[in-house]
Number of protein chains: 2
Amino acid sequence: MFQGGYMGKVLRVNLTTKTVSVEDLPEKIARDYIGGAGFGVKYLFDEVPGEVDPLGPDNKLIFAPGPLSGTSAPCASRIAVTTKSPLTGAVGMSLSGGYFPVELKFAGYDVLIIEGKSETPVYLHIKDDKVSIKNAEKIWGMDTQITQTIIKQDVNDQNTRIACIGQAGENLSKMAAIINERRAFGRKGVGAVMGSKNLKAIAIRGTQEVPIADPEAFAAARKFMLGAMKESPVLYPEFSKLGTPMVVDATSAMGMFPSENFRTTGEKDYSTSIGVEASTSRNKGNEHCYGCPVGCTQLKLAKGKRYEGGMSDPEYETYYSLGGVVGVENVDSIIYNDMICDKYGLDTMSVGVTIALAMELFERGLLSEKDTQGFDLRFGNHEVVTQLIEEIAFRREGLGELLCDGSRVMAQKIGGDASDFAMHIKGLELPAYDPRGAKAHGLNFATSYTGADHNRGYAFQEIFGIPVPQAYDRFAVVGKGWLTKWNQDIRCATTDCPTMCGFLMDMALPAIAEQNTADLVSSASGLVLTKEDVGKVGERVNNLARVYNISAGFTRADDNFPKRIMEEAIKEGGSKGQLIPEADLEIMLNEYYDARNWSQDGVPTREKLVELDLPEAVTLLEKRNML
Amino acid sequence: MFQGGYMGKVLRVNLTTKTVSVEDLPEKIARDYIGGAGFGVKYLFDEVPGEVDPLGPDNKLIFAPGPLSGTSAPCASRIAVTTKSPLTGAVGMSLSGGYFPVELKFAGYDVLIIEGKSETPVYLHIKDDKVSIKNAEKIWGMDTQITQTIIKQDVNDQNTRIACIGQAGENLSKMAAIINERRAFGRKGVGAVMGSKNLKAIAIRGTQEVPIADPEAFAAARKFMLGAMKESPVLYPEFSKLGTPMVVDATSAMGMFPSENFRTTGEKDYSTSIGVEASTSRNKGNEHCYGCPVGCTQLKLAKGKRYEGGMSDPEYETYYSLGGVVGVENVDSIIYNDMICDKYGLDTMSVGVTIALAMELFERGLLSEKDTQGFDLRFGNHEVVTQLIEEIAFRREGLGELLCDGSRVMAQKIGGDASDFAMHIKGLELPAYDPRGAKAHGLNFATSYTGADHNRGYAFQEIFGIPVPQAYDRFAVVGKGWLTKWNQDIRCATTDCPTMCGFLMDMALPAIAEQNTADLVSSASGLVLTKEDVGKVGERVNNLARVYNISAGFTRADDNFPKRIMEEAIKEGGSKGQLIPEADLEIMLNEYYDARNWSQDGVPTREKLVELDLPEAVTLLEKRNML
């Protein structure tokens, strides 16, 4: 029973017809999917057929915070956007934080669905129940930082929070992000979908309070969570002082910080040049998301002639994508290049890995001097990274056009053996963990519904040695199928749906995450959810997303690794000798599918879908004769 | 008699002792100086001896909006900062607009005096009566745009308005500006004074209303002013659509848009390459200051590979300083370079003219290849302009160090004939009007108390042909002394002190400016000021500032022109053949001093000072045996 006051409103905006409507969110959806990615996957499944062109008017953008966003629950200012990804063709779901997420709740909505396509540039302005589609011709062409400044002026309210695209999204780069403040809905080309709809920005200001169904129980749950956070061995002061860049040192020591397009992982020691000591020397203070007592985001100021004055807050992944994987050991260039990716609205991860591919192909002679227009694509050339980011953002003729849709498209365009060196899964470029050095972490890349995505099932057991639900050998193969399922479901249920901060839930609170989510969500929303119910939500979303991807054409063959991961062993360092031969992948996949009660083709069984109460998924697979 | 409620508060902050105090503003000062520049000059005269080192702890920064700022009087959101200028050594007074000016009033203050010097970087945070000096170490080194974003987060209030310095001010460049939003207290190195005090920013939020002494009379005066604005032939739609860049075409047609360090003025037609049509083609919309119905600021987005994505709002002066005077005909580079000057906190005008000097000295062989470190300093090389702005902002060894204190210092360092080509008066670089083509406009540069400053006595009679108080031939010499005095006094009284927008008062309302000011200021403040009282204020401030400059060592010899203006006639175009030979300067100066009742040495007479009720000025000159 809903007691959460306004909880349960879906705001729907059609950009073709310029109509705005508000619907009730069915209580069943709220209970079965909780919020965030759950709502996103459910609405995508119901409303966007798997065959739809991701950059056509029939694709939709589904924004959903969670039931805890905007409450006093710590670390819950997160919001998911779900769409059919133009980069992967699969479910594209991406989360962001900051202050934008809570404004939608303060305005009275749990879901915002954007559909259709405007003929001319527009932006959406939501102020409580006043929703308007405004002319954005004057801001079209502007970067994300200026866009936010101007819209705040335009709506005459500095407290309005804005998510927008930069030039990369306008130019339909499949690596385009949606940026709010300096944060990003980074991956899977969600910015290109926004650009394809001629939607420059979404500006939101809400003035309502998020009601709490059972304030006493909520206060108790909140107190418990804050207490657990204080007891975490890493959260204070380490993580709050150092943020994610501290992971550079950890993965370097483990020999799984990828460098030079994964060909030299473990050979070089990036922990000295761009590790936490180097990056922390540029620190100027930290930033918080709404309601977060940790504040892990570290603002950094670049030094040195070329990058002096550059200011940004690169996360761990960016030390890899604009650092190690392109062979760059200049920490200032990473800060600067991170800043311009934010400005242009680009995913630093896909951009860096795609540039790394260009560098390897250049060194191998698969890209000629003529192709590269005089750009010197040596690994380690941080100046050319800056140049290529601009080429990509503006989809410039030549290298810009070649790189701007990511490594898969680029390799296809070049042909020959190029695809062998493209480090992506399902089109999504690999994150900053060499799968060869942590097998469950890798298997999650191979199987997660968004492609090679570390955030859909982070194997903290392997990376941080946290023994929950038990300890695991990171090199072992057997047992990783089961573990990956567990990681994906708990991550989805306690992070992506409620929506809570993944860092916290994975790194500090995994042992209590499900109970904690159940207590907080129940007391806040008035839904009665047990720990077991929460667990099921994660499994439900992962199954529904899998069926969606099947409808979009994905098969077991897409649950794979780049050739290099399966054929070249790591040569040096803490993961020396490791690789994932095809036989090992098959063992892990078989175990994973078994653990999920999916067929060996990777198709969910009727039994599992019925258990999860997913008749829509049964119907879809029946129509295709796949059950 | 004060009826204006809180009017009359001076907030004094000592950064050495970290003390904050509030004093009453004496009614006599309010009446005799009105506000803004008037308050600034008065407090500077009383508290900062003329011999003080501008970058030492004894200099002060005096911020003062006017009695109309924060009221509903249109176009009054202006604030003056007054200090001893490190660039000129004279009174340094600079005004800015936007939203920052009114916040000080909303917080309850008419004047903010900053004195002393902090040992470590700090910023000042004013929230009504809560005033605190905060640690700014984490933002030291950051550009002005990022600084504003971070402070808003730091104080957790997006409506806080901030004036700050960028890297140029930190590095004590004598061309450093103070930036609020993208606006500037641009000239005279006021940003370096802030930097010398280790003061990164001033953040203000006020929540009080500015009381109106006689609401009925005020409403009538306001209505009258708005009516007069509507009747102006240029204000709507032209000026509100095109902004100051429209002046490029006007002065080009008159043959007085300076190019290539003033050596080719009138030969080239910049009105096609960077004139209003070219610049307007980049328009993306306009911005308003608080309470302004005109909104003349035109946001522009640069196009073309190198500058794509650059966004700024260059004023007319910048089309000259980063365009004509450096021989640049690329409008996109002007937008981009204007943006980075704002970011680093630099005065575009002084920066451009100083670069122009470097270019001329390079072409003449006075700067060698070795001096220029491989920079290609040809006129027209817009890329090198971008590079030099960075060298200057960071005071980099070599050209950065050489250029960053302006053209006077640079020429002195180089020696030889270099000073002959330095286009400054009293150390302040010339504005975008060739003095040879408009003699009163030029005489104002030569005599205004801040150096070559078009804003202290704009000769709209010569530039726009507005026949107030009568029509003038712009080439004529006789009569210009009197006219310059008139322009300086009315500008000071109706623009710099009240504080109103100079564009309006000069270009649209000069015939009614004094009466308008008297009516608005009297009804708002409760002071009873006649049109004649207002006129006297302008004269009083100009006299007191003159005596201050005398105490700082200035003499008649400093009321001069660069050698080129006096010795080279304009070769082509609408001002062909014009120059200001020394004899003409003497004629104009003599007439100007006579009109002011000053001695032929340029020293105010006792009679004039007594008439203006300036006993402090009498005392100062008596002590020096100058009366």
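Numbers restart at 1 for each chain; the letters A, B, ... are given by sequence-line order, proteins then strands. Fair warning: this is a prediction, and the values are worked out from it, not measured in the lab.
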Fill in: B:Lys127, NZ atom: more than 12 neighbouring heavy atoms under 6.0 Å
no

Practice prompt. For chain B, find its close neighbours in residues 140-151 of chain A: heavy-atom separation under 4.5 Å, sorted by number, or none.
Written response: A:Trp140, A:Gly141, A:Met142, A:Asp143, A:Ile146, A:Thr149, A:Ile150

Worksheet entry | Spatial distance of atom CG (B:Asn283) from atom NZ (A:Lys138) [nearest 0.5 Å] | 11.0 Å

Worksheet item: Is the count of non-hydrogen atoms from other residues, nucleotides or ligands lying under 6.0 Å from B:Gln387 atom CD greater than 12?
Response: yes

Worksheet item: Of all the residues in residues 333-342 of chain B, which have a heavy atom that comes within less than 4.5 Å of a heavy atom in chain A?
Response: none

Discussion item. I'd like to check the ring pair (Phe, Tyr, Trp, His ring centres under 6.0 Å) partners of B:Tyr344; sequence neighbours left out, ordered by chain and number.
Written reply: B:Phe394

Discussion item. With a 6.0 Å cut-off (strictly less than), is the heavy-atom count around NZ of A:Lys134, excluding the residue itself, greater than 12?
Written reply: yes

Response to the item:
The interface call for A:Asn286 against chain B, heavy-atom contacts under 4.5 Å, is backbone

Worksheet item: In Å and rounded to the nearest 0.5 Å, what is the CD to CD distance from A:Gln158 to B:Gln158?
Response: 6.5 Å

Worksheet item: Side chain, backbone, both or neither: which part of B:Arg161 has a non-hydrogen atom closer than 4.5 Å to chain A?
Response: side chain

Fill in: Leading residue by heavy atom contact count with chain A [cutoff under 4.5 Å; candidates B:Glu287, B:Gln153, B:Glu308, B:Glu137]
B:Glu308

Worksheet item: Does NZ in B:Lys241 sit with more than 12 non-hydrogen atoms of other residues, nucleotides or ligands closer than 6.0 Å?
Response: no

Worksheet item: Contact part of B:Gln167 toward chain A, heavy-atom cut-off under 4.5 Å: side chain, backbone, both or neither?
Response: side chain

Worksheet item: By number, which residues in residues 298-307 of chain A have some heavy atom less than 4.5 Å away from chain B?
Response: A:Leu299, A:Leu301, A:Lys305

Practice prompt. Calculate, to the nearest 0.5 Å, the distance between atoms CG and OH belonging to B:Asn156 and A:Tyr99 respectively.
Written response: 5.5 Å

